[in-house]
Structure formats: structure tokens, C-alpha cells
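So that the names make sense, note that chain A is the first sequence line, chain B the second, and so on, each numbered from 1.
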There are 2 protein chains.
Amino acid sequence: MDTLETRELRYFVAVAEELHFGRAAERLGMAQPPLSRAIQQLERRLGVRLLMRNRRGVALTGAGEMLLHEGRAALDATTAAARRTRRAGGADRPDGSRNRLVLAVKAGASHELLHKLLDAYAAEPGAAEVEVLPSGTCEQEGMLRDGRADVALMHAPFNSLAGFDSEELMTEGQIAVLPAGHPLAAQKTLSLSDVSDIPDLPLARWSRHGTYPPGPGPEIHDQTQLAQLIALGRTVAVFPDSARAWLWAEHAAVPLTDAPPVVTHIAWPAHSRSLALAGLIRTATRL
Amino acid sequence: MDTLETRELRYFVAVAEELHFGRAAERLGMAQPPLSRAIQQLERRLGVRLLMRNRRGVALTGAGEMLLHEGRAALDATTAAARRTRRAGGADRPDGSRNRLVLAVKAGASHELLHKLLDAYAAEPGAAEVEVLPSGTCEQEGMLRDGRADVALMHAPFNSLAGFDSEELMTEGQIAVLPAGHPLAAQKTLSLSDVSDIPDLPLARWSRHGTYPPGPGPEIHDQTQLAQLIALGRTVAVFPDSARAWLWAEHAAVPLTDAPPVVTHIAWPAHSRSLALAGLIRTATRL
DNA sequence: GCTCTGTCATACCCGGTGGGTATCACCGGG
DNA sequence: CCCGGTGATACCCACCGGGTATGACAGAGC
């Protein structure tokens with residue numbers, strides 16, 4: 001009577017994101033009329049207007065925005081349930097490989113810490129197999145939410161820890177990474193304002209969920225690409241201290257005095273109850 | 001193909017909780033055979049055994065336990081989406097009452113703080129209407145999760161803040177509440193061990209999700225009932241300092257030296273994005 | 001003012017499937 | 001040995017989710 005089906009949520013989220021029944025239907029792999037009807041039924045069952053149909057496209061009501069947000073969370077939770085169940089069951093059958101943990105890590109970050117963690121955990125008795133899942137910038141949250149990952153290394157203040165349990169692992173300062181020959185590379189320290197308006201070196205912009213902050217700098221989504229652009233003297237970037245590990249000869253690193261410290265956490269969905277996960281967390285906090 | 005329907009989750013959770021197809025079907029208001037079939041389809045679609053059918057009842061596999069936990073979370077998120085959408089939409093229509101917030105509070109706790117909070121918030125410009133929802137012992141978590149409430153006052157270490165965002169509001173010590181005439185009532189302070197084994201006064205046991213911790217004391221789920229039992233000299237209980245507000249003449253309060261402090265938080269689902277909620281939180285932290 | 005275009009809604013039909021009833025297969029206990 | 005209670009199977013029906021064709025309507029252009 002009043003329990004939403006995930007199908008309805010999927011439909012509504014598609015329409016709410018596209019703000020267009022036709023495109024939403026196409027994305028869902030169905031025809032437009034049944035989609036229209038489904039949304040109408042949904043509105044009737046909820047007793048609430050979700051969409052304002054102005055003859056030119058569609059707009060969300062307040063209730064619609066609410067359902068978009070909450071519905072996304074619910075869909076994530078549902079697909080997480082399916083994924084984690086599959087993984088838990090798949091591990092049931094083969095020989096002895098009891099459990100498997102999927103650890104999401106921002107690609108290229110925390111190399112050293114990650115190495116130590118994996119080695120230390122592998123040495124634990126009864127350790128589960130850990131699959132390392134490289135993730136895009138700030139994508140770890142979504143991966144934990146929809147079950148692609150069980151646990152993640154996150155970097156405050158870039159990642160939001162909201163809604164997860166976490167333990168602090170490491171704090172480090174930040175450095176500016178400049179072309180080796182640049183005048184500022186000779187400085188002992190720099191401030192954020194120093195690097196944010198170097199006339200010939202616009203600050204690189206990282207992609208977040210596919211979009212880029214505004215600015216003059218080049219759009220970056222790959223660390224190697226960025227390293228090359230810096231080496232070529234085209235841009236400058238700000239990184240945690242540990243980024244020194246992968247710097248090239250053509251790079252120079254200068255500590256930033258006023259950049260917020262980067263805190264690496266290990267984070268996991270708050271409701272997790274898994275022995276393997278507990279072991280990994282224990283190992284991590286003991287490093 | 002691989003997306004779980006909430007109907008399937010509901011069915012599975014019912015079976016997993018009852019460990020009995022017949023009873024689960026009854027609870028779901030349907031016949032047993034279609035339920036059996038639905039679970040089989042679910043297992044086939046997930047490619048995972050969820051239940052071990054021993055001719056006498058049913059047991060969960062590892063994957064089944066996983067789906068029970070994750071499925072409950074997903075179902076909570078889904079019903080939360082429906083409830084919050086209904087509320088957001090219902091508030092759209094009537095006159096000016098823009099938003100409404102539901103605040104879950106453990107019945108009878110934090111009277112004074114709650115009063116101050118509500119008064120202060122009501123005085124804010126553009127304040128939403130706040131509905132106070134009394135909740136049972138430690139029930140606030142569930143209420144936030146399934147959308148019965150938007151925000152809650154919680155008391156660490158009794159409530160778990162896992163999975164929520166929260167702000168600390170108040171810290172207080174704990175007191176032992178004894179019958180006024182009892183010898184120990186004359187003491188200036190007591191320790192936990194003092195009150196946990198008073199020969200003639202067993203410690204009262206509060207219900208948590210309908211179950212009681214083991215022990216000799218009476219089972220309590222109502223504060224008035226407990227107050228009466230203490231006044232009658234039948235039991236002793238431990239409370240936060242602020243409980244002094246409702247003590248009777250027949251009660252005596254003695255500070256506990258080694259009881260963990262009780263920290264009152266205001267907590268809300270981590271993904272909430274509501275102006276009204278933000279205002280309430282801001283008001284609360286400024287108290 | 002007309003059409004034309006792009007939008008969402010309506011009308012109608014069909015097949016899949018969720019649900020019901022009746023029954024079977026199995027096992028443990030008297 | 002049979003009986004009670006379990007979950008599984010067989011079969012049927014009705015509902016509804018989805019498709020196609022079409023309508024209603026508003027805005028843009030001439």
C-alpha cells in the first residue's frame with residue numbers, strides 16, 4: 001500500500017535527473033507513456049506532487065527534491081545489499097577463501113601507507129583477501145554507499161566522512177608541486193595565496209564527479225597527465241606531503257605554510273558488521 | 001536483471017527473521033507457496049544460497065546474514081524516502097507552514113535542554129514547526145534511519161551515533177537514584193560497584209529493543225514505573241544528572257564518581273540537506 | 001493566425017508474473 | 001508405522017507493467 005518499489009524509485013530518479021520524460025525513458029530502456037503513468041501512480045500513492053509539468057520540460061517540487069535525494073540513498077543501499085550479498089555468497093563456495101574485502105583508494109594516493117597496511121594485514125592470522133579498487137577523485141564515498149567497496153582510504157578535508165565510521169590514520173602537510181626551474185621553487189616555504197595567483201602558472205583543476213571548478217588552469221583527471229603538465233612548466237598543483245614519492249626530476253616541492261593538513265582516514269559504512277573488516281581496521285589503527 | 005525489488009527484500013527479511021516460511025508468509029499477509037517461490041527466485045537471481053533448508057525450519061547462510069543486515073538498511077532507507085517525501089509534500093500545500101521537522105527525544109530525558117532548544121529555535125526568524133516525537137529507549141537511531149524522525153537528541157554512550165552526523169550539546173555526570181531512606185543515600189558519592197551489588201536493591205534493567213539484559217532487577221520500560229519502584233524501596237537506578245528534575249520526595253540522588261559521563265548530542269542523517277534542519281542545529285549548538 | 005514541433009497525457013491491448021489453492025515429498029516423533 | 005508439520009511443486013487466474021498509436025497543448029516561426 002505505501003511501500004515504494006525500487007522500480008518506482010529508479011524511474012523517478014531518472015526523470016528527476018533528466019527533467020524530461022522522453023530522455024529518462026530512453027535511459028531506462030523503455031517507452032515514454034508507461035513511464036509517465038508510473039510517475040503519476042507514484043504521485044497518487046504518495047499523495048504528493050513531485051513534478052511541475054510546464055509544457056516545456058519538467059521541474060521538481062520541494063517534495064520532488066526530497067524524493068530525489070532520499071531515493072538516491074535508498075537505491076544505493078539497495079544495490080549495496082545486492083552486491084555485498086553476492087560477494088558474501090560467492091566467497092562461500094570456493095575452497096577456503098572465506099571473505100574478501102574491497103578497499104577503495106584514490107588512485108595513486110597513499111602508496112606507502114597502503115603498502116604497509118596491506119602487508120601488515122596479510123600477516124595477520126585469518127586475514128581476508130583484500131582487493132584494492134582504484135577510485136576517481138572523491139569517488140570513494142559513492143563506492144562505499146552502493147557496495148562497490150567495503151572500506152576506503154579517505155582524505156579529509158577532500159572526502160566527506162559524513163555517514164561513515166572512520167579512524168584517523170595519518171596527518172600530513174601539503175606541498176606545492178612546481179616545475180623544477182621555476183623561480184618560486186627556490187623558496188623554503190610558500191603560502192596558498194602565493195601559488196593561487198602565479199601569473200604564468202594557473203592552478204590545475206581536478207575533476208569532481210565529472211565537473212571542474214571554474215578557473216584558468218587545465219582540467220585534470222589523471223595524475224600522470226598532471227605530472228607531465230607540471231614538468232612542462234604549464235601548471236602548478238597542491239598535494240599532500242606523501243606525493244613526494246612520485247615526483248620527477250623536473251618537479252620541485254615546496255611546503256605550504258597555510259594549507260590545511262590532510263588527514264588520511266580508513267572509513268567504512270557505519271552499519272558494517274564483518275570480522276574481516278574489523279581485523280583490517282584494527283591492523284590499520286596499529287600501524 | 002540484477003536490481004533487487006523492495007518486495008523481494010521485504011519477503012526475505014521476513015523469512016530471515018522468522019526462520020519459518022509459514023509464519024513469515026502470515027506476517028506478510030500472503031500464502032506460503034508464493035513466498036517460497038519468491039525466495040527461490042531471489043536466490044537464483046543473486047546466484048547465491050541464502051537459506052539452508054533443514055527439514056525442521058530454516059537457517060541463514062553467511063550471504064543470508066549479509067542480506068538480512070544490508071536489506072534492513074535498504075528497506076529503512078526506502079521507507080524513509082517515502083515518509084520524508086510525504087512530509088515535504090504535505091507541508092507544501094497548507095498555508096504558510098513551509099517545513100516541519102520531527103525531533104525524536106527519549107521520552108522524559110533532557111527536559112530542560114529540550115525546552116531551551118525549542119524556545120530558542122521558535123524565536124528564530126523563519127523557524128520551521130518542530131514536532132517532538134517521544135521515543136523508547138535507544139529507539140532514536142531507528143527513527144532517523146526509517147524517516148519517522150528528521151533529527152534526534154541522543155545520549156552517548158547509550159545511543160550509537162554511527163552513521164549520523166552530530167553535534168555535542170551537553171555533558172553531565174551520572175547519579176544513583178535510591179529510596180530516600182536507604183543507608184547509602186546518606187553517602188556523599190558512590191561508585192558503580194557500590195550500586196551494582198547492593199544486597200537488597202537489585203539494579204533496574206531497561207528494555208532495549210524489547211529485550212532486557214540479564215540480572216536480578218525488575219524489568220523496566222517506563223520511567224514513572226521505575227520511579228515508583230524506587231520510591232517503594234524495590235530497586236535502584238543510574239541516571240544522568242538532569243534526572244534530578246523529576247525526582248520525588250521519596251527519592252535520593254547520589255553522584256557516581258566512576259560512571260561514564262553522558263554526552264547529549266543532536267544527531268541527524270548524514271545526507272540531510274534541509275534549511276530548517278540546519279537552522280535547528282545552529283540554534284542547538286549556540287545554546 | 002496558421003502550422004509545425006516538441007512535450008507529456010490518454011486509450012487500448014497483450015503477455016508475464018505475482019499470488020492463490022491443492023497437493024506432494026520429506027523427516028522426526030510418538 | 002503413521003501422523004504432524006515443514007518447505008517445494010503444479011496449476012490456474014487476474015492484475016498490471018510495458019508497448020503502440022494517438023491526443024492535447026503550448027511555444028516558435030513564417
Exercise for review: Once you apply the 3.5 Å cut-off to both distances, tell me the Watson-Crick or G-U wobble partner of C:dG30, or none.
Suggested key: D:dC1
Exercise for review: Check the distance between D:dG7's P and B:Leu42's CG and give it to me in whole angstrom.
Suggested key: 17 Å
Point to revise | Distance, rounded to the nearest Å, where A:Met30 contributes CE and C:dG16 contributes P | key: 17 Å
Exercise for review: Determine: side-chain N/O of B:Gln40 to OP1/OP2 of D:dG7, distance under 4.0 Å, yes or no.
Suggested key: no
Point to revise | Among C:dT7, D:dG7, D:dG18, the nucleotide that comes nearest once only the side chain of B:Phe21 is considered | key: D:dG7
Exercise for review: Describe the nucleic acid contact of A:Glu8 in one word from base, sugar-phosphate, nothing, applying a heavy-atom distance below 4.0 Å.
Suggested key: nothing
Exercise for review: Check every strand shown and say whether A:Glu5 touches a base, only sugar-phosphate, or nothing at a heavy-atom separation below 4.0 Å.
Suggested key: nothing
Practice item. Taking only the side-chain nitrogens and oxygens of B:Arg7, find out if one of them lies under 4.0 Å from OP1 or OP2 of C:dG19. Key: yes
Check your understanding: So, do A:Arg53 and A:Ile39 sit near enough that their side-chain heavy atoms are less than 4.5 Å apart?
Key -> yes
**Study point:** Side-chain N or O of B:His20 closer than 4.0 Å to phosphate OP1/OP2 of D:dG5
**Key:** no
Exercise for review: Can you tell me the distance, in whole Å, between the CG atom of B:Leu28 and the P atom of D:dG7?
Suggested key: 13 Å
Check your understanding: Cut-off 3.5 Å, side chains only: do A:Gln40 and A:Ser36 have a donor facing an acceptor?
Key -> no
Revision key, fill the gap. Rounded to whole Å, CE of B:Met52 lies from P of D:dA8 at a distance of 13 Å
Exercise for review: Send over the distance from A:Glu26 CD to C:dG6 P, rounded to a whole Å.
Suggested key: 14 Å
Review point. Looking at B:Arg282 and B:Glu124, does any basic side-chain N land under 4.0 Å from a carboxylate oxygen?
Key: yes
Point to revise | B:Phe164 vs B:His265 side-chain heavy atoms within contact, under 4.5 Å | key: no
Review point. Can you tell if the side chain of A:Leu67 reaches within under 4.5 Å of the side chain of A:Leu42, non-hydrogen atoms only?
Key: yes
Practice item. For a side chain to side chain contact (heavy atoms under 4.5 Å, CB included) with A:Leu280, tell me which candidate from A:Leu118, A:Asp150, A:Leu101, A:Leu275 qualifies. Key: A:Leu101
Study note, to complete from the structure: DNA chain D nearest-nucleotide lookup for A:Gln41 and B:Arg23: closer to the 5′ end is B:Arg23
Point to revise | Phosphate contact (D:dT6 OP1 or OP2) by B:Arg53 side-chain N/O below 4.0 Å | key: no
Check your understanding: Has the side chain of A:Gln140 got a donor or acceptor atom that lies under 3.5 Å from a matching backbone atom of A:Met154?
Key -> no
Exercise for review: Could you identify which residues of residues 31-38 of chain A place a heavy atom less than 4.0 Å from some atom of DNA chain D, listed by residue number, or say none?
Suggested key: A:Ala31, A:Pro33, A:Pro34, A:Arg37
Revision key, fill the gap. note: B:Glu18, atom CD; D:dG7, atom C1'; distance rounded to Å ~ 15 Å
Check your understanding: Just how far, in rounded Å, is P of D:dT6 from CD1 of B:Ile39?
Key -> 17 Å
Check your understanding: What is the distance from OH of B:Tyr11 to P of D:dG7, rounded to the nearest Å?
Key -> 17 Å
